[in-house]
Amino acid sequence: MLNYQDRLNRVVTHIHEHLEDDLDLNKLAEIACLSPYHWHRIYHAVYGETLAATVKRQRLHRAAGLLANSSTPIEEVSRKSGYENLQSFTRIFRAEYGMPPAQYRREGSHAQFPLSTVEGAARSFDVEIRTVPAISAIGVDHLGSYMEIGKAFDVLYGWLITHGHIASVTRSIGLYLDDPTAMPAKELRSKACVVLRDAVAIEPPIGHVDIRPGPYAVLRHKGPYADMKAAYDWLYGVWIVQSGLEAADAPGFEEYLNSPRDTAPTELLSDIYLPLRSASLDEASA
């Protein structure tokens with residue numbers, strides 16, 4: 001019996017690890033060990049987008065991350081994202097992100113979060129304190145840059161679809177276990193998770209994931225996932241300092257409220273959950 005899940009995972013892994021290379025669709029079909037005609041149809045039926053659309057989305061995600069979070073020259077960003085022709089890269093990026101790469105670096109949604117505490121104090125972003133019950137989820141482990149957790153989500157959603165559980169998904173969550181400012185990107189641990197309406201039997205690489213209950217500060221972010229580092233910097237560097245509250249010794253998580261497969265990057269909505277120490281809430285209200 002053909003194991004389509006293994007074949008899906010091989011292609012997903014190859015795409016994420018070779019974004020800068022020539023990702024010929026026939027070569028991807030060879031990796032899947034299926035004919036190009038049939039493989040493309042299977043992939044599209046499972047993931048809801050073509051292989052070409054996946055490659056384009058992941059390449060532009062990488063490009064947006066380099067533009068928002070580094071000073072890498074735009075020509076090099078283009079090459080690292082699989083576009084040898086700078087004009088083509090600029091045209092494609094503008095079509096998806098609403099502005100050319102240089103303008104995005106200056107004015108993308110990451111630019112709304114001032115980096116200094118003084119400037120940040122003058123800006124107001126809605127942060128809601130929520131008491132979150134314990135969350136029971138299933139997920140796939142990811143080791144490496146948080147920018148690349150999409151690979152684990154692709155594996156997870158491929159498994160859900162091929163096993164007939166996709167209709168049971170109620171929430172999509174990324175759980176981030178380490179501080180990205182304190183350790184190398186290749187050592188960062190995270191989990192791509194979903195909450196299901198129904199109990200299901202799972203198997204590796206799917207595992208059970210429990211998310212800590214308690215108070216959280218929640219900041220809603222609108223825009224590309226690549227821009228979220230600036231939101232974190234503001235939340236940790238400005239808001240928590242001025243709030244009088246204390247972060248709990250527990251991992252934070254993100255909840256993704258729509259899908260990058262059918263939503264423009266500028267319209268993506270994500271809630272960032274920062275765990276809080278309960279005692280600091282009591283002290284602040286005393």
Side-chain angles (χ1 to χ4, degrees), residues 69 109-110 112-115 117 120-121 123-150 152-153 156 169-185 187-196 206-258 268-286:
N69 305 312
S109 57
H110 57 282
Q112 70 177 308
F113 294 97
L115 296 181
T117 303
R123 299 291 301 274
S124 177
F125 301 98
D126 290 334
V127 177
E128 178 184 354
I129 306 299
R130 297 182 193 171
T131 300
V132 176
I135 298 173
S136 179
I138 64 171
V140 172
D141 291 341
H142 173 66
L143 181 66
S145 169
Y146 289 160
M147 279 286 293
E148 298 172 3
I149 195 175
F153 272 108
L156 175 59
V169 173
T170 60
R171 304 175 73 180
S172 181
I173 291 172
L175 181 65
Y176 299 93
L177 304 177
D178 298 307
D179 178 357
T181 67
M183 58 195 309
E187 298 178 12
L188 294 172
R189 300 166 301 148
S190 55
K191 296 176 183 287
C193 309
V194 293
V195 178
L196 300 180
I206 314 300
H208 290 288
V209 181
D210 293 318
I211 297 177
R212 161 197 181 274
Y216 287 80
V218 184
L219 172 65
R220 177 153 298 179
H221 178 272
K222 181 179 181 181
Y225 298 144
D227 288 4
M228 293 177 71
K229 179 181 181 300
Y232 273 96
D233 289 345
W234 180 86
L235 190 59
Y236 279 87
V238 177
W239 183 85
I240 192 71
V241 171
Q242 297 177 350
S243 69
L245 303 177
E246 184 179 346
D249 185 18
F253 66 93
E254 298 168 3
E255 181 171 5
Y256 310 107
L257 305 179
N258 47 19
L268 291 171
L269 293 175
S270 310
D271 281 345
I272 299 173
Y273 284 75
L274 166 61
L276 298 174
R277 195 169 67 90
S278 296
S280 68
L281 284 169
D282 296 337
E283 293 165 2
S285 60

TODO: Might you work through the salt bridge (Lys or Arg N to Asp or Glu O under 4.0 Å) test for D271 and R171, ending with a clear yes or no?
DONE: CA-CA 12 Å; D271 281 345; R171 304 175 73 180; over 6 Å; no
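- Here the straight-line distance linking atom OG of S270 with atom CG of L257 works out to 6.5 Å at 0.5 Å rounding.
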Task: Stepwise side-chain contact (heavy atoms from CB on, under 4.5 Å) test for C193 and F153 - done: CA-CA 7 Å; C193 309; F153 272 108; 5.8 Å; no
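- Between L274 and Y236 there is a side-chain heavy-atom pair separated by less than 4.5 Å.
- No side-chain heavy atom of Y216 sits under 4.5 Å from any side-chain heavy atom of I129.
- Taking NZ of K191 as the start and NE2 of H208 as the end, the distance is 12.0 Å to the nearest 0.5 Å.
- A distance of 10.5 Å separates CE of M228 from CG of L235, quoted to the nearest 0.5 Å.
- Aromatic ring pairs are classed by plane angle as parallel below 30°, tilted from 30° to 60° and perpendicular above 60°; the pair Y146 and Y176 is perpendicular.
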- [ ] May I have the step-by-step check of side-chain contact (heavy atoms from CB on, under 4.5 Å) for W234 and L219, ending in yes or no?
- [x] CA-CA 10 Å; W234 180 86; L219 172 65; 4.2 Å; yes
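- Between the side chain of D210 and the main chain of S136, no donor-acceptor pair closer than 3.5 Å is present.
- More than 12 heavy-atom neighbours from other residues, nucleotides or ligands sit within 6.0 angstrom of CG on D179.
- For A230 against H110, the heavy-atom pair with the smallest separation is CB-O, 3.3 Å.
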Task: Evaluation steps, side-chain contact (heavy atoms from CB on, under 4.5 Å), between V218 and V132 - done: CA-CA 10 Å; V218 184; V132 176; 5.7 Å; no
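- Side-chain atoms of L276 and I240, non-hydrogen and from C-beta on, do get closer than 4.5 Å to each other.
- Rounding to the nearest 0.5 Å places OG of S278 at 11.0 Å from CD of E246.
- The nearest pair of heavy atoms linking I138 to L156 is O-CD2, 4.3 Å.
- The minimum heavy-atom distance linking A152 with H142 is given by the pair CB-CB, 3.9 Å.
- At least one side-chain heavy atom of Y273 sits under 4.5 Å from a side-chain heavy atom of E255.
- Side chains of I211 and I173 form a contact here, defined as non-hydrogen atoms less than 4.5 Å apart.
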Open item on the list: Working note: W239 + L245, criterion side-chain contact (heavy atoms from CB on, under 4.5 Å); need CA distance, chi angles, decisive distance, verdict.
Closed with: CA-CA 9 Å; W239 183 85; L245 303 177; 3.9 Å; yes
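- Between L143 and E187 the shortest heavy-atom distance is CD1-O, 3.6 Å.
- Shown here for S109 and P224, the closest heavy-atom pair between the two residues is OG-CD, 3.5 Å.
- Between the side chain of N69 and the backbone N or O of D227, no donor-acceptor pair lies under 3.5 Å.
- Of all heavy-atom pairs between P133 and P213, the closest is C-CB, 3.7 Å.
- By the 4.5 Å heavy-atom criterion applied to side chains, R220 and D126 are not counted as neighbours.
- At distances below 3.5 Å, at least one donor-acceptor pair connects side-chain atoms of N258 with backbone N or O atoms of L269.
- With S145 contributing its side chain and A185 its backbone, the two residues share no donor-acceptor pair below 3.5 Å.
- Using bins of under 30°, 30° to 60° and over 60° for the plane-to-plane angle, the ring pair F113/H221 lands in the parallel bin.
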